**Q** 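Please see the structure below; I have some questions.
Indexing begins at 1, ligand by ligand and atom by atom, following the structure's order. Because the structure is a prediction, the values reported are computed rather than measured.
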Amino acid sequence: MMHDGLMNYIGGKWTEASSQETFPTTNPATEEIIALAPRSTADDVDNAVQAARSAYKAWRLTPAPRRGEILFRAAHLLSERKEELARLMTQEMGKILAETRGDVQEAIDMAYYMGGEGRRMHGYTAPVEMPNKFGMAMRDSVGVVGLITPWNFPVAVPSWKMLPALIAGNTVVYKPSEDTPATAAAFVKVFEEAGLPAGVLNLITGAGDTGAALVANRDVRVISFTGSTETGLRVYTQAASLGKKVCLEMGGKNAILVLDDANLDLAVEAVTWSAFGTTGQRCTATSRLIVQKGIKAKLVEALEAKARTIKVGYGLDETVNMGPLVNEKALTKVEKYVEIGRQEGARVIVGGTRADMGQGYFFMPTLFDQVRRDMRIAREEIFGPVLSIIEVADLDEAIEANNEVAYGLSSSIFTENVNAAFRAIRDLTTGIVYINHGTTGAEIQFPFGGTRGTGNGMREAGQAALDSFTEWKSVYIDYSGRLQRAQIDTEAILRDS
Ligand code: UN1
């Protein structure tokens with residue numbers, strides 16, 4: 001069988017890896033190889049970085065509104081190509097079409113948003129201490145930035161990094177997940193066609209060692225990483241030893257809190273799709289349900305009934321609600337956690353097994369009842385369609401349970417009580433908080449990221465995204481025609497003015 005040969009994109013040219021080696025990318029629903037991608041070496045990475053370095057000279061001087069126009073063109077092309085990209089993404093990483101369309105839409109939204117930043121990207125002025133002097137602070141580009149991105153949002157998440165980096169005048173070397181190189185190449189093609197100058201955006205595919213070479217490359221000034229906590233912390237340590245700025249988005253163990261007074265039907269819908277949407281493979285997915293004891297029996301019964309209606313299958317079939325896990329390793333990990341949960345004494349009330357489709361990495365939507373807060377399935381990230389149900393007595397206990405895990409990305413509370421809702425907003429210690437909505441569905445104009453083990457204090461999206469990809473430059477302009485000394489000459493200033 002012939003496969004598409006994917007290429008790296010370096011300095012405006014589509015090229016093979018210097019080793020000529022490749023690796024396959026596979027459809028997780030059918031286990032068919034859909035393409036072969038270059039296995040890039042440290043030399044390829046360095047070629048891409050040098051291409052980005054030389055393109056930086058002109059790109060940083062291109063007026064930001066003009067850079068923005070290219071982003072608008074990319075937004076337009078992405079809209080035209082939304083269906084094509086969505087279908088490719090479903091085939092390559094498994095989530096259903098409705099979700100892959102949403103994934104592309106996030107990139108379109110981000111391209112318009114960041115294109116608009118080309119005419120904003122505000123700095124500020126402030127009063128200065130001396131007469132005949134002016135002061136301002138402005139955002140400046142950094143140089144070459146390195147992006148390392150996951151397979152679960154293979155267009156949206158790279159767009160959150162690439163678009164703010166580009167609008168700020170940086171050039172980019174982009175290393176996508178080895179599970180989604182075909183989607184990555186199709187995404188980069190959009191920017192080529194939108195007229196991005198050669199070398200401004202470079203693509204290198206490969207495995208962990210390719211990413212490690214990018215992190216180690218001394219000419220890369222910023223690393224923005226989304227992925228597992230384990231890899232993220234390794235990236236952080238190495239990048240820090242080279243003095244780089246790092247933006248990390250890592251694991252999650254998000255919870256929905258449901259109080260006794262909640263709208264039950266609404267909570268059932270939200271919990272179901274936050275837990276099982278994208279087969280539970282979102283960093284914002286709900287993997288814990290923290291439920292007050294008065295509503296628990298009714299809620300669990302309704303969730304169980306709902307979970308049984310979920311149709312598992314190939315994401316290209318529009319009647320399917322949940323696709324496969326991304327690969328065999330992910331499937332094995334989910335199976336392992338189900339076993340751990342059972343051994344810890346929790347009870348599987350729905351699912352708990354592979355879904356037999358003849359081929360592919362399918363697992364049934366799984367509900368675990370009688371989960372204690374100290375169990376591993378209540379604390380560790382599973383990244384699959386498994387929900388742990390934890391009973392609590394009241395709001396205080398619910399908040400405490402939410403906050404005690406090692407991660408802090410997203411949380412949500414269902415209540416009709418405004419006082420409880422405001423207390424939750426104040427006391428839930430996650431980067432994102434929802435009221436009467438699931439834990440997924442963050443919009444691109446607000447900061448995205450989490451506390452504790454989820455991140456390192458940086459945020460993506462919104463204005464906060466610019467913080468990863470800019471340096472502040474403070475500028476003082478003295479138009480007095482003489483040497484004025486701030487701080488030491490206040491009396492002289494008063495005398496002279
Ligand atoms: C992710 O899982 O890495 O809020 C991103 C959401 C989506 C993005 C998730 N807008 O669920």
Side-chain angles (χ1 to χ4, degrees), residues 78 82 86 89 93-96 98-114 147-164 176-177 179-180 183-184 187 224-229 231-232 247-256 269-288 322-323 325-326 330 381-385 387 407-412 428 430-451 453-456 458-462 464-465 468:
L78 284 168
K82 184 170 171 178
M89 198 190 305
M93 55 68 68
K95 65 186 177 183
I96 62 171
E99 290 171 341
T100 52
R101 288 179 188 130
D103 190 310
V104 179
Q105 186 59 46
E106 283 198 34
I108 296 168
D109 297 342
M110 189 60 105
Y112 281 122
Y113 182 91
M114 285 298 164
L147 314 181
I148 301 175
T149 60
W151 48 265
N152 67 334
F153 276 79
V155 168
V157 167
S159 83
W160 298 357
K161 300 180 190 302
M162 207 179 277
L163 296 163
S177 160
D179 283 303
T180 49
T183 306
F187 185 45
S224 182
F225 169 91
T226 299
S228 72
T229 301
T231 310
C247 174
L248 298 173
E249 290 297 342
M250 305 182 287
K253 189 71 189 174
N254 314 297
I256 291 184
E269 281 297 307
V271 171
T272 302
W273 299 121
S274 292
F276 303 130
T278 320
T279 322
Q281 303 171 109
R282 286 186 186 224
C283 45
T284 52
T286 298
S287 64
R288 296 180 297 152
M322 196 179 101
L325 288 149
V326 68
E381 185 172 56
I382 301 173
F383 225 59
L387 181 70
Y407 302 106
L409 182 56
S410 181
S411 58
S412 151
L428 291 169
T430 50
I432 305 169
V433 172
Y434 289 96
I435 307 296
N436 291 324
H437 188 284
T439 54
T440 68
E443 301 187 22
I444 59 91
Q445 61 276 25
F446 294 106
F448 181 94
T451 60
T454 296
N456 64 336
M458 302 300 284
R459 290 290 184 269
E460 304 197 83
S468 292

**Q** If only atom types and distance count, is the side chain of Y434 paired as donor or acceptor with the main-chain N or O of A442 below 3.5 Å?
**A** yes

**Q** Is there a donor-acceptor pair under 3.5 Å between the side chain of T279 and the backbone N or O of G323?
**A** yes

**Q** May I ask you to check whether E106 and W160 show a side-chain donor-acceptor distance below 3.5 Å?
**A** yes

**Q** What do you reckon, does Y434 have a nitrogen or oxygen under 3.5 Å from a nitrogen or oxygen of ligand 1?
**A**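 By distance alone, the answer is no.
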
**Q** Purely on distance, is any nitrogen or oxygen of T440 under 3.5 Å from one on ligand 1?
**A**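 So ligand 1 has no N or O lying under 3.5 Å from an N or O of T440.
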
**Q** Is there a donor-acceptor contact under 3.5 Å from the side chain of K82 to the main chain of Q105?
**A**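 Not confirmed, K82 side chain does not pair with Q105 backbone.
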
**Q** Just by distance, with hydrogens left out, do T286 and T439 show a side-chain donor and acceptor under 3.5 Å apart?
**A**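 Side-chain D/A pair, T286 to T439: present.
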
**Q** Looking only at distance, does G441 have an N or O less than 3.5 Å from an N or O of ligand 1?
**A** yes

**Q** Taking non-hydrogen atoms only, is F383 closer than 4.0 angstrom to ligand 1 via side chain, backbone, both or neither?
**A** neither

**Q** Is any side-chain heavy atom of T440 closer than 4.5 Å to one of S410?
**A**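 Heavy-atom side-chain distance check fails, nothing below 4.5 Å.
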
**Q** Would you mind reporting whether F153 and T226 have side-chain heavy atoms less than 4.5 Å apart?
**A**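 No. Closest side-chain heavy atoms not under 4.5 Å.
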
**Q** Which bit of E249 is near ligand 1, meaning a heavy atom under 4.0 Å away: side chain, backbone, both or neither?
**A**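 The answer is neither; E249 stays 4.0 Å or more away.
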
**Q** Indicate, as side chain, backbone, both or neither, the part of N152 found under 4.0 angstrom from ligand 1 when only non-hydrogen atoms are considered.
**A** side chain

**Q** Which atoms of ligand 1 are found less than 4.0 Å from any heavy atom of R282?
**A**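 Counting atoms of ligand 1 from 1, those under 4.0 Å from R282 are 2 (O), 6 (C), 7 (C), 11 (O).
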
**Q** Please answer whether the main-chain N or O of G251 pairs with a side-chain N or O of T229 as donor and acceptor at a distance below 3.5 Å.
**A** yes

**Q** Among protein heavy atoms, which sits nearest to atom 8 (C) of ligand 1, and what does the distance come to when rounded to 0.1 Å?
**A**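 Going atom by atom, the protein heavy atom closest to atom 8 (C) of ligand 1 ends up being W160 CH2, 3.6 Å.
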
**Q** Does an N or O from C283, backbone or side chain, lie closer than 3.5 Å to an N or O of ligand 1?
**A**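 Yes, C283 has an N/O under 3.5 Å of an N/O on ligand 1.
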
**Q** Would you say ligand 1 has an N or O under 3.5 Å from any N or O of T284?
**A** yes

**Q** Are any of the N/O atoms on A442, whether in the backbone or the side chain, positioned under 3.5 angstrom from an N/O atom of ligand 1?
**A** yes

**Q** For ligand 1, which atoms have a heavy atom of E106 less than 4.0 angstrom away?
**A** 7 (C), 8 (C), 10 (N)

